[in-house]
Participant: 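I'd like to ask some things about the structure below.
Predicted, not measured: the structure shown is a model, and the values here were computed from it. Basis for what follows: all heavy atoms, side chains included, without hydrogens, waters or symmetry-related copies.
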Amino acid sequence: QVQLVESGGGLVQTGGSLRLSCAASGRTDAMGWFRQVPGKERQFVAVFSWNWSGGTTYYTDSVKGRFTISRDNAKNTVYLQMNGLKPEDTAVYYCAAKSRGRLITTALAVEAQYDHWGQGTQVTVSS
């Protein structure tokens, strides 16, 4: 069982930045982030999928141009750099990882294709 350990959440003002980290204890083929606010479904944010050329990144439209997902091979860790934060980015952010099979790119938001989940880290953006 792959364990995911998240860090980096916190409180920031509108327009500020935060960087989330997610370290995996085992091999994964893709790692990414979802977020959830109370009373709503968990929402896909971004994912980094390993491939022969290095990797491919995917983002939900609302964070494109503001968030950047990257990985550190040596540390088996992915990062989510969040710039230009808005109050609507406030949520609990969950790290997700896929270690069985290739990522289905037409179903990035489908939680069932991710095999492992972190416990979540709170991000709060004040207005």
Side-chain angles (χ1 to χ4, degrees):
Q1 178 76 2
V2 174
Q3 304 294 322
L4 302 178
V5 179
E6 303 141 328
S7 61
L11 173 65
V12 65
Q13 292 184 332
T14 296
S17 299
L18 283 174
R19 189 178 79 156
L20 305 183
S21 301
C22 177
S25 62
R27 179 182 178 274
T28 60
D29 290 320
M31 290 179 69
W33 296 90
F34 282 67
R35 63 187 180 187
Q36 188 173 28
V37 297
K40 293 190 176 181
E41 293 185 352
R42 201 148 48 179
Q43 176 192 37
F44 169 78
V45 177
V47 67
F48 190 111
S49 179
W50 279 248
N51 56 39
W52 64 272
S53 65
T56 303
T57 57
Y58 304 90
Y59 300 91
T60 193
D61 286 347
S62 63
V63 307
K64 287 180 180 177
R66 299 189 299 125
F67 292 10
T68 302
I69 190 169
S70 61
R71 68 154 176 163
D72 183 326
N73 276 344
K75 297 181 180 180
N76 208 14
T77 298
V78 290
Y79 303 97
L80 185 67
Q81 178 66 44
M82 305 185 294
N83 299 328
L85 283 162
K86 305 175 182 180
E88 51 263 44
D89 294 316
T90 295
V92 177
Y93 283 69
Y94 294 91
C95 182
K98 184 175 180 69
S99 58
R100 294 189 292 267
R102 286 295 182 185
L103 187 70
I104 303 172
T105 58
T106 55
L108 295 174
V110 177
E111 295 185 34
Q113 77 160 315
Y114 298 90
D115 307 305
H116 314 286
W117 292 85
Q119 293 187 329
T121 184
Q122 177 70 46
V123 171
T124 303
V125 185
S126 63
S127 57

Participant: Does any part of the side chain of Trp33, heavy atoms only, come nearer than 4.5 Å to the side chain of Phe67, both counted from C-beta?
Facilitator: no

Participant: Could you tell me if the side chain of Val125 sits less than 4.5 Å from the side chain of Lys86, heavy atoms only?
Facilitator: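 Counting from C-beta outward, Lys86 and Val125 never come under 4.5 Å.
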
Participant: Side chain to side chain donor-acceptor pair (under 3.5 Å) for Gln81 and Arg19? Distances and angles first, verdict last.
Facilitator: CA-CA 4 Å; Gln81 178 66 44; Arg19 189 178 79 156; 4.8 Å; no

Participant: I'd like to know whether Arg66 forms a side-chain contact (heavy atoms from CB on, under 4.5 Å) with Asp89, so could you lay out the CA-CA distance, the side-chain angles of the two residues, the decisive distance to 0.1 Å, and finally the verdict.
Facilitator: CA-CA 11 Å; Arg66 299 189 299 125; Asp89 294 316; 2.7 Å; yes

Participant: Do Met31 and Leu4 come close enough that some side-chain heavy atom pair is under 4.5 Å?
Facilitator: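 In contact.
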
Participant: Quick one, Thr56 and Thr105 - any side-chain contact, counting heavy atoms below 4.5 Å?
Facilitator: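 No, their side chains stay 4.5 Å or more apart.
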
Participant: So do Ser7 and Thr121 actually touch side chain to side chain, heavy atoms under 4.5 Å?
Facilitator: no

Participant: Measuring only between side-chain heavy atoms, which start at C-beta, is Tyr59 closer than 4.5 Å to Thr68?
Facilitator: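 In contact.
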
Participant: Is it true that a side-chain atom of Thr14 and a backbone atom of Ser126 form a donor plus acceptor pair closer than 3.5 Å?
Facilitator: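 Looks like yes, one N/O pair under 3.5 Å.
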
Participant: Do the non-hydrogen side-chain atoms of Gln36 and Tyr94 ever get within less than 4.5 Å of each other?
Facilitator: yes

Participant: Establish whether Phe44 and Ile69 are linked, either directly or via other cluster members, by ILVMFWY side-chain heavy-atom contacts under 4.5 Å.
Facilitator: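 They do not share one cluster, since no chain of ILVMFWY contacts under 4.5 Å joins Phe44 to Ile69.
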
Participant: Pick from Val12, Thr124, Val37, Leu11: which one makes a side-chain contact (heavy atoms from CB on, under 4.5 Å) with Thr90?
Facilitator: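 Output: one option passes, namely Thr124.
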
Participant: How long is the span from the CZ atom in Arg102 to the CG atom in Asp29, to the nearest 0.5 Å?
Facilitator: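 Between atom CZ of Arg102 and atom CG of Asp29 there are 5.5 Å.
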
Participant: Flag the pair Phe34 / Tyr114 as yes when their ring centroid distance falls below 6.0 Å, and as no otherwise.
Facilitator: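 They qualify: ring centres under 6.0 Å apart.
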
Participant: I'd like to know if Leu18 and Leu80 are part of one continuous hydrophobic network [Ile/Leu/Val/Met/Phe/Trp/Tyr, side-chain heavy atoms within less than 4.5 Å].
Facilitator: yes

Participant: To the nearest 0.5 angstrom, please state how far the SG atom of Cys22 sits from the CD atom of Glu6.
Facilitator: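 That separation rounds to 5.5 Å.
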
Participant: So do Val63 and Met82 actually touch side chain to side chain, heavy atoms under 4.5 Å?
Facilitator: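 A side-chain contact under 4.5 Å is absent here.
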
Participant: Could you grab the distance from atom CG of Asp115 to atom NZ of Lys98, nearest 0.5 Å is fine?
Facilitator: 5.5 Å

Participant: Could you point out which residue of Gln1, His116, Arg27 forms a side-chain hydrogen bond (donor to acceptor under 3.5 Å, both in side chains) with Ser99?
Facilitator: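 Exactly one option meets the side-chain hydrogen bond (donor to acceptor under 3.5 Å, both in side chains) with Ser99, and it is His116.
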
